[in-house]
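Following: one structure in structure tokens, then a few remarks.
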2 protein chains.
Amino acid sequence: MSALPDLDSLKLLVDVGVLGSLGQAAKAAGIAQPSASKRVAHLERRLGLPLVERTPRGSTLTAEGRMVAGWAAQVLAAAEELMRAVQAVRHGEAAHLRVASSMTVAEYLVPRWLGELQNREPDVPVGLDVVNSADVAARVLAEDVELGFVEGPSVPEGLDSRVVGTDRLVVVVAPGHPWARRRTALRGAELAATPLVVREPGSGTRETLDVAFKGLHQASPRLELGSNAAVKGAAQAGAAPAVLSGYAVEADVATGRLVEVPLAGVNLVRSLRAVWRRGRPLTGPAAILLAIASRP
Amino acid sequence: MSALPDLDSLKLLVDVGVLGSLGQAAKAAGIAQPSASKRVAHLERRLGLPLVERTPRGSTLTAEGRMVAGWAAQVLAAAEELMRAVQAVRHGEAAHLRVASSMTVAEYLVPRWLGELQNREPDVPVGLDVVNSADVAARVLAEDVELGFVEGPSVPEGLDSRVVGTDRLVVVVAPGHPWARRRTALRGAELAATPLVVREPGSGTRETLDVAFKGLHQASPRLELGSNAAVKGAAQAGAAPAVLSGYAVEADVATGRLVEVPLAGVNLVRSLRAVWRRGRPLTGPAAILLAIASRP
DNA sequence: TGCACTCATAGCCCCAGGCTATGGCCTCCC
DNA sequence: GGGAGGCCATAGCCTGGGGCTATGAGTGCA
């Protein structure tokens, strides 16, 4: 495990690239120029690459520096997404806009929408509750929150809704698992009869899966775990195939930590919906957020 | 700018979730238990959320903790991708497998492929050269590297190739720009006649653009910049519309920092190809990497 | 030739975060 | 009932990374 970099230093590097000098980047970071100088030098030592070309009239990134800055920007974007989501979770009380969401949507999509909302309306504090789908509906009905996001096809009575996306449950295995090399699509019956690593009963993911398996002979799960991360971990360790939201495994499949198994004959697509109280048209920030979420 | 979190602490949090106790997570991180205890407490204070439920027989994540751990996992994945890529760039000398790639592929796709290669063949040090497309071809021909990745349709003589993906140049503007609200697709002629923020001549991105504009009346660029990050920055600042690889702006569009403008009547799709010396079939790690990259 | 800008070095200082040692709490088992 | 063995938190010590200021060297411009 090759010690992780330090986000502040990465930010500094990116800023050097954008601003053209160590001193400017230091100012942007709120530190003195020599500190920035030292930090960047430290980063160069740690990565073992020359990153910055110093000249008496400014600094530019080396070829390596530009590459590293590109990757660093990705890391920073993810970190900012985290901070945004945390803000929203924390500001539950004082928020001008209150949103409730079930887990998958909250984890992978809501932070992005909130990011754009913040771009357009920087002054609106947003509160985010993450609960299960049934509770989302209850909160919207109780007018605890203006807007909710839920998974699954059923829209509880008393709510208006709009589809804002779709999620596909996928089957993933560790790269070493026999199914990783499978060329023929897996049939629903075979999947149902296999002991799987799955989310716990009551979660939206599990419910979708159980509905899809209705009528098939279904083996008991190999493991039931309470978070997407735990399920992924178990699957990576090779315990058994796992079934998870496509959003949750996107990055892992892209980087090869998990392999997606092709699937046929079983419908694991579910729509993601925004819901709000019927006959109570959305206004202000809630309307903007819905518009953002509805965009293709 | 709300101070960035610390990756080691995030890793610790994720590990607590997976391993079920602070002490275990501490051991995994190579630190003593009280240190981990303090770090996690510190993280909780900083984010303003209770993250961990401590009991005398272990610790589990709270609801908030599971959410934060989910986002943290995304950040950590991006950071690991960075470290992998840095390793590959640095190990240029001693590598058993040498790869050259042009910028866009190197920045957004190669680290992922290398990640999977490392999963399958942990002991192969990989060297990565990032140069422009012409140089990639030269290095492959000179047998400096076994495998190259280039953008664009032209395959230089003497090379075999396989398409491993496609990239689409997209037009993006700051959210405040008039085009951000445009409903009708932009025509090629209008785009060509607009002063744009673009990459420098000689870059693959610029070349593709110039080819697509051939025959149209073309305005001179508003700005020419040497990296995708710089172009994005200028576009975000509202300078002018920018044209960039879809991979480069994916995250920014998703989070609303940039808005993609629909485009019609001009072909900005280019294929990404793996190239190798003709008549020199790939073997060993190079063959595996090609197989990984070729996967849909 | 001075001024304005760049960056690096030197030297000081402080606290964040590491460590060990200890104690409370709970469960399991003898 | 009473260890034993997990868990965690607190206390107190110590070190080093990384902050700061002050300064000097290099370059370009007026």
Side-chain angles (χ1 to χ4, degrees), chain A residues 1-62 64-66 68-69 72 79 226 230, chain B residues 1-62 64-66 69 72 226 230:
Chain A
M1 192 59 50
S2 54
L4 295 160
D6 149 37
L7 291 189
D8 291 322
S9 299
L10 294 182
K11 177 97 174 73
L12 206 52
L13 180 70
V14 171
D15 279 351
V16 170
V18 172
L19 300 174
S21 101
L22 281 173
Q24 295 286 320
K27 199 179 298 176
I31 61 177
Q33 168 263 317
S35 306
S37 204
K38 215 200 274 185
R39 273 193 101 111
V40 170
H42 188 58
L43 185 62
E44 288 180 308
R45 273 204 314 279
R46 217 140 78 73
L47 300 187
L49 292 173
L51 301 174
V52 172
E53 179 88 37
R54 287 102 168 147
T55 82
R57 32 177 236 287
S59 295
T60 56
L61 299 183
T62 61
E64 293 92 338
R66 285 195 298 277
V68 173
Chain B
M1 192 58 50
S2 54
L4 295 160
D6 148 39
L7 291 189
D8 292 321
S9 300
L10 295 182
K11 178 96 174 74
L12 207 52
L13 179 71
V14 171
D15 278 351
V16 170
V18 173
L19 300 174
S21 102
L22 282 173
Q24 296 288 320
K27 200 179 298 175
I31 62 178
Q33 169 264 318
S35 306
S37 205
K38 214 200 274 186
R39 273 193 100 113
V40 169
H42 188 58
L43 184 63
E44 287 180 308
R45 273 205 313 280
R46 217 139 76 73
L47 300 186
L49 293 173
L51 301 174
V52 172
E53 179 88 37
R54 287 104 168 144
T55 82
R57 30 179 239 290
S59 294
T60 57
L61 299 183
T62 61
E64 293 92 337
R66 285 195 297 278

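Throughout, a chain's letter reflects where its sequence line sits, starting with A, and its residues are numbered from 1.
- Per the geometry, CG belonging to B:D8 stands 13 Å off C1' belonging to C:dA16, to the nearest Å.
- Using a distance-only test at 3.5 Å, with no hydrogens or angles considered, no donor-acceptor pair links the side chain of A:S9 to the main chain of A:L43.
- Summary of helix geometry: the two end axes of the helix from C:dT1-D:dA30 to C:dC30-D:dG1, each defined by five base pairs via their C1' atoms, are inclined to each other by 10° (rounded to 10°).
- Between B:R54 atom CZ and C:dG23 atom C1' there is a gap of 18 Å when expressed in whole angstrom units.
- Remark: B:S59 is in phosphate contact with D:dC8, judged by side-chain N or O atoms under 4.0 Å from OP1 or OP2.
- Put simply, CZ on A:R39 is 9 Å from C1' on D:dG19, counting in whole angstrom units.
- B:D6 and B:R39 are joined by a salt bridge, as a carboxylate oxygen and a charged side-chain nitrogen come within less than 4.0 angstrom of each other.
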Test side chain to side chain contact (heavy atoms under 4.5 Å, CB included) on B:L61 and B:V52 and set out the steps. CA-CA 4 Å; B:L61 299 183; B:V52 172; 4.0 Å; yes
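- When all heavy atoms of A:L7 and B:P5 are compared, the pair lying nearest together is CD1-O, 3.6 Å.
- With hydrogens and angles disregarded, no donor-acceptor distance shorter than 3.5 Å links the side chain of A:E53 to the backbone of A:T60.
- Atom CD in B:Q33 sits about 13 Å away from atom C1' in C:dG18, given to the nearest Å.
- Along DNA chain D, the nucleotide closest to A:R57 and the one closest to A:H42 are compared, and the more 5′ of them pairs with A:H42.
- Rounded to the nearest 0.5 Å, atoms CG (A:L47) and CG (A:L13) are 8.5 Å apart.
- The shortest distance between the side-chain N/O atoms of A:S35 and the OP1/OP2 oxygens of D:dC20 is below 4.0 Å.
- With values rounded to the nearest 0.5 angstrom, A:L4 atom CG is found 5.5 Å from B:D8 atom CG.
- To the nearest angstrom, C1' of C:dA16 lies 13 Å from CG of A:D6.
- The A:P56 side chain lies nearest to D:dG26 when the options are D:dG26, D:dC8, D:dA22.
- In this structure, OG1 in A:T62 is found 9.5 Å from CZ in A:R54, a value given to the nearest 0.5 Å.
- Within 4.0 Å of B:S21, counting heavy atoms only, lie sugar-phosphate atoms of the nucleic acid but no base atom.
- Residue side chain A:K38 does not reach the base of D:dG17 through any donor-acceptor N/O pair under 3.5 Å, judged by distance alone.
- The CG-P distance, from B:L22 to D:dT10, rounds to 12 Å in whole Å.
- Here B:L22 contributes atom CG and B:S59 contributes atom OG; the two are 4.0 Å apart, rounded to the nearest 0.5 Å.
- Near DNA chain D, meaning a heavy atom under 4.0 Å from it, residues 23-32 of chain B has B:G23, B:Q24 in order of number.
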